[in-house]
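Take this structure, written in structure tokens, and hold onto it; I'll ask about it next.
Every heavy atom of this structure was used, including side-chain atoms; hydrogens, water molecules and symmetry mates were not. Residue numbers begin at 1 in each chain, while the letters A, B, ... track the order of the sequences.
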Amino acid sequence: MDNRALSQVLGEIADLLEIRGDNAFKIRAYRTAAETLATWPQAVAQLNEPQLRSIPGIGKDLAARVRELAETGTCAYHKELLEQFPPTILDLLRLQGVGPKTVAMLHATLNVKSIDDLAAAAKAGKLKGLKGMGAKKEAQILASIEERAKDSGRHLLSDTAATAASLVDFLHVHDRDVELIPVGSLRRGRDTCGDIDILAVGGQPGLMDALISHPHVERVLGQGDTKSSVLLRGGYQADLRLVPPESRGAAMQYFTGSKAHNINVRDRAVQLGFKLNEYGLFRVDDDSRVAGETEEGIYRALGMDWIEPELRENRGEVEAARAGTLPKVITLADLRGDLHMHTTETDGKDDLEAMAQAAQRLGREYIAITDHSQALAMANGLDEKRAVAHAARVRALNGRFANLTLLAGIECDILSDGRLDLSDDCLAQLDIVVASIHSNFSQESPQMTDRILRAIENPWVDVLGHPTGRRLLQRDPLKFDMSAVMDSVSRHGVTLEINCQVERLDLNDSHARAARERGIPLVISTDAHSVNALSRLQWGVQVARRAWVQAGDVINTRPIDEMRARLRRNRRA
DNA sequence: GCCGTTTTCGGCCCGACTGTTTTCAGTCG
């Protein structure tokens with residue numbers, strides 16, 4: 001069992017305990033353990049009991065549950081809870097505005113067991129009239145069910161990548177020599193992925209049996225000599241295709257997509273008297289093979305430069321590839337610093353020194369410590385006095401970590417009316433201010449637009465953090481006029497963030513591209529709340545690459561002095 | 001269920017907002 005699978009079971013136990021109305025601190029213990037294990041750097045299933053107990057938040061009981069899961073693949077306690085509530089009831093908790101109490105009440109009174117049950121009850125008007133429910137609540141529930149339906153069957157990019165990687169590892173045990181290449185939306189780096197497509201170059205048909213024997217396979221959707229599909233635990237569909245070496249490039253090109261990109265490329269092939277399919281590029285008149293072993297060969301034969309997978313969305317890349325004007329997109333190695341992270345001073349899991357040490361180990365040249373401001377009371381946000389004192393502690397660490405500079409910043413809340421949560425006087429004393437929205441998400445567009453514009457006008461705002469507030473597969477972006485906001489940040493020299501939290505990836509690719517085209521500076525930051533999360537920069541880079549972003553567009557690719565000179569507070573004439 | 005130079009019990013970040021109420025329960029982060 002990998003760490004994510006273990007973490008998922010513990011998380012489900014927490015959810016079920018919550019629905020059952022169990023002890024809140026016990027629930028929290030399971031929840032924090034789930035979070036810790038999900039990103040733990042070692043394979044947790046390989047650890048023995050004392051090693052497990054040395055992990056913070058894992059005690060006697062949780063260590064035993066983890067050992068049980070590692071050894072048997074299941075856990076009696078989890079099963080016992082699932083006998084009280086069907087597993088589909090957990091989906092209800094993911095609905096915006098529906099929590100454990102509501103789920104328990106709906107289950108007890110209307111025998112609601114799934115999202116479908118709830119939708120039917122809401123449509124029949126059975127919710128209003130129940131304790132604590134009115135017409136508004138019923139409408140809100142229906143709306144969030146609709147929001148969810150849009151995303152059904154999709155998964156976060158990072159989860160998909162991890163699942164694909166574990167599948168590849170598993171298949172390699174059965175055939176060490178086969179080359180396994182994940183393609184599809186995963187290779188294109190989309191923020192969410194529908195299914196997992198893996199090419200097996202030069203593999204033997206026995207590989208199909210191996211796939212089907214994977215312990216996470218719930219159902220075999222189809223099995224043939226060259227293609228098999230399975231449904232994995234967690235709702236992933238995975239397709240494995242055997243490809244002969246001479247078709248390697250053609251298959252990669254074909255199965256990486258996107259569909260729209262491929263249509264455009266095939267159209268180009270037809271114009272030139274070729275036929276392009278997953279086996280190769282062929283001349284129409286005599287069916288002779290022109291290319292197919294490599295993607296480069298195919299694109300070259302079509303008079304194009306090779307196109308980075310992230311760009312293959314038919315957003316002008318085919319034309320640019322023909323003209324030789326494709327961008328040299330940013331890579332992870334281009335980034336020198338990280339300008340958004342939290343510590344135990346507010347809601348981070350690791351303290352200032354630990355974060356600095358980890359950043360140094362990762363080779364960052366500079367980091368900004370940006371803990372929360374006072375409006376986020378539940379995160380123990382900083383008031384002005386604490387903000388200034390915390391900044392002093394951050395600056396005092398400079399010199400302690402070779403080749404790492406620490407900047408004292410804050411992630412300051414944008415209040416409902418657009419004022420900032422701390423005074424200008426306080427913000428002026430810091431090195432960087434990231435301004436973000438964490439409350440009142442449901443304002444209508446005019447009000448929300450005014451709110452953000454007002455915040456941007458504050459002279460001490462350097463960066464707009466996770467600008468659209470979306471949470472992938474959970475919450476739609478805030479409603480506001482993005483174009484007006486981009487005009488304003490452009491005028492005021494404010495930087496827009498690409499936030500690397502895997503469920504945010506905010507800005508998204510198309511907004512980031514629009515920003516880049518307007519010359520708006522970007523920053524790619526982790527928003528890490530723990531040491532482990534500091535390595536998350538790759539996901540933001542993925543978004544940036546899809547947005548045609550080049551190293552020069554991103555301020556944290558610069559050496560520290562140049563980066564600081566680009567911050568709004570240091571740009572005043 | 002975890003944790004502990006206040007350690008084997010008794011703590012465990014908690015305020016804002018919404019929709020339902022007539023003083024509050026539930027959700028969010």
For this session: Consider only side-chain N and O atoms of A:Gln443 and A:Arg451, and report whether a donor and an acceptor are under 3.5 Å apart.
Result: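 Checked: A:Gln443/A:Arg451 side chains pair up, N/O donor to acceptor below 3.5 Å.
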For this session: Nearest whole angstrom, please: distance from the P of B:dT18 to the NZ of A:Lys137.
Result: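 It is 12 Å, rounded to the nearest whole Å.
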For this session: Using a heavy-atom cut-off of under 4.0 Å over every strand shown, decide if A:Leu415 touches base, sugar-phosphate, or nothing.
Result: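 Touches nothing.
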With the criterion being N/O to N/O and under 3.5 Å, what pairs connect the protein with nucleotides 8-13 of chain B, and how long is each?
unit_1, atom_1, unit_2, atom_2, d
B:dC12, O3', A:Arg28, NH1, 3.4
B:dC13, OP1, A:Arg28, NH1, 2.2
B:dC13, OP1, A:Arg28, NH2, 3.2
B:dC13, O2, A:Met378, O, 2.7
B:dC13, N3, A:Met378, O, 2.9

Problem set entry | A:Leu127 CG - B:dG19 C1' separation (whole Å) |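 Whole-Å distance recorded here is 14 Å.
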For this session: Could you let me know what B:dG19 is paired to, Watson-Crick or G-U wobble, both distances under 3.5 Å, or none if it's on its own?
Result: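 B:dC24 - that is the nucleotide pairing with B:dG19, both distances being under 3.5 Å.
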Problem set entry | Smallest separation among heavy atoms of A:Gly540 and A:Leu505, with atom names |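 For A:Gly540 versus A:Leu505, the nearest heavy atoms are N-CD2, 4.3 Å.
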For this session: Return no unless some side-chain N or O of A:Asn440 is found under 4.0 Å from OP1 or OP2 of B:dT18.
Result: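 Checking B:dT18 against A:Asn440, a side-chain N or O does come within under 4.0 Å of OP1 or OP2.
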Problem set entry | Closest-nucleotide 5' rank along DNA chain B - winner of A:Gly134 and A:Lys60 |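 Of the two residues, A:Lys60 wins.
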Problem set entry | Pairwise C1' distance for B:dC14 and B:dA25, with rounding to whole Å |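 To the nearest whole Å, 16 Å.
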Problem set entry | Reported NZ-to-CD1 distance for the pair A:Lys79 and A:Ile13, which is rounded to 0.5 angstrom |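 That separation rounds to 12.0 Å.
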For this session: Using the P atoms only, state how far B:dC17 lies from B:dT6, rounded to an integer number of Å.
Result: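 To the nearest whole Å, 38 Å.
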For this session: Hey, which sits more toward the 5' end of DNA chain B by its nearest nucleotide, A:Leu62 or A:Met133?
Result: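 Here A:Leu62 is the residue nearer the 5' end.
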Exercise. Cut-off 3.5 Å, side chains only: do A:Thr468 and A:Asp506 have a donor facing an acceptor?
Worked result: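 Per modelled atom types, A:Thr468 and A:Asp506 side chains form a pair under 3.5 Å.
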For this session: Round to the nearest Å and state the distance from A:His372 atom NE2 to B:dA16 atom C1'.
Result: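 Atom-to-atom, A:His372 to B:dA16, this comes out as 15 Å.
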Problem set entry | Lys/Arg-Asp/Glu bridge criterion (N-O < 4.0 Å) met for A:Asp15, A:Arg94 |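 A salt bridge links A:Asp15 with A:Arg94.
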Exercise. Given the P atoms of B:dC13 and B:dT20, what is the spacing between them in whole Å?
Worked result: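 Taking atom P in both B:dC13 and B:dT20, they lie 31 Å apart.
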For this session: State, to 0.1 Å, how close A:Ala354 and A:Val531 come at their nearest heavy-atom pair, and which atoms those are.
Result: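 That closest heavy-atom pairing would be O-CG2, 3.7 Å.
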Exercise. Under 3.5 Å, is there a donor-acceptor pair between the A:Ser7 and A:Glu35 side chains?
Worked result: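 There is no such pair between these side chains.
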Exercise. Going by atom types alone, do A:His372 and A:Asp421 pair a side-chain donor with an acceptor below 3.5 Å?
Worked result: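 On atom types as modelled, these side chains do not qualify, holding no pair under 3.5 Å.
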Exercise. How far does the C1' atom of B:dG11 sit from the matching atom of B:dA16, given to the nearest Å?
Worked result: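 It comes out at 25 Å once rounded to the nearest Å.
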Problem set entry | Rounded distance in Å between the C1' positions of B:dG10 and B:dG15 |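 It works out to 24 Å between them.
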For this session: Assign A:Ile58 to base, sugar-phosphate, or nothing according to its heavy-atom contacts below 4.0 angstrom with the strands shown.
Result: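 Sugar-phosphate, no base atom in range.
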For this session: Tell me, please, whether A:Tyr77 has A:Arg65 positioned over its six-membered ring: NZ or CZ under 6.0 Å from the ring centre and within 45 degrees of its axis?
Result: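 Yes, a cation-pi geometry holds between A:Arg65 and A:Tyr77.
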For this session: Send over the distance from A:Ile437 CD1 to B:dC17 C1', rounded to a whole Å.
Result: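 Checked: the CD1 to C1' distance equals 15 Å.
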Exercise. Do A:Asn556 and A:Arg364 meet the criterion of a side-chain donor-acceptor pair at a distance under 3.5 Å?
Worked result: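 No, no side-chain donor-acceptor pair sits under 3.5 Å.
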For this session: Pick base, sugar-phosphate or nothing for A:Ala135, based on heavy-atom distances below 4.0 Å to the nucleic acid.
Result: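 The residue A:Ala135 makes sugar-phosphate contact but no base contact.
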Exercise. If you measure only the distance, is there a donor-acceptor pair under 3.5 Å linking the side chains of A:Thr526 and A:Asp338?
Worked result: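 Looking only at side-chain atoms, A:Asp338 and A:Thr526 do form a donor-acceptor pair, the distance falling under 3.5 Å.
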For this session: Using atom CD of A:Gln443 as one end and atom P of B:dC17 as the other, report the distance to the nearest whole Å.
Result: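 After rounding, the reported distance stands at 10 Å.
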Exercise. In whole angstroms, how far is the C1' atom of B:dT20 from the CD atom of A:Gln140?
Worked result: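 Interatomic distance, CD of A:Gln140 to C1' of B:dT20: 12 Å.
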For this session: Look at the rings of A:His155 and A:Tyr236 and say which category their plane angle falls in: under 30° parallel, 30 to 60° tilted, over 60° perpendicular.
Result: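 The rings of A:His155 and A:Tyr236 lie parallel, inter-plane angle below 30°.
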Exercise. Which residues within residues 98-118 of chain A lie with some heavy atom under 4.0 Å of an atom in DNA chain B?
Worked result: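 When residues 98-118 of chain A is checked for heavy atoms under 4.0 Å from DNA chain B, the hits, listed by number, are A:Val98, A:Gly99, A:Pro100, A:Lys101, A:Thr102.
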Exercise. Whole Å only: how far is the CD atom of A:Gln374 from the P atom of B:dC14?
Worked result: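 Distance check: A:Gln374 CD to B:dC14 P gives 16 Å.
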For this session: Provide the distance between the two P atoms, one in B:dT23 and one in B:dC28, to the nearest whole Å.
Result: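 Those two atoms are separated by 26 Å.
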Exercise. Does the ring-ring contact (aromatic ring centres under 6.0 Å, His included) test come out yes or no for A:His438 and A:His466, once each step is laid out?
Worked result: CA-CA 10 Å; A:His438 294 113; A:His466 45 74; 5.1 Å; yes
Exercise. Heavy atom of residues 63-91 of chain A under 4.0 Å from DNA chain B: which residues?
Worked result: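 Correct list: A:Arg65.
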Exercise. Just how far, in rounded Å, is P of B:dA25 from CD of A:Glu18?
Worked result: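 One finds 17 Å between P of B:dA25 and CD of A:Glu18, rounded.
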Problem set entry | Counterpart base for B:dG4, defined by Watson-Crick or G-U wobble contacts under 3.5 Å |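 With both distances under 3.5 Å, B:dG4 matches B:dC9.
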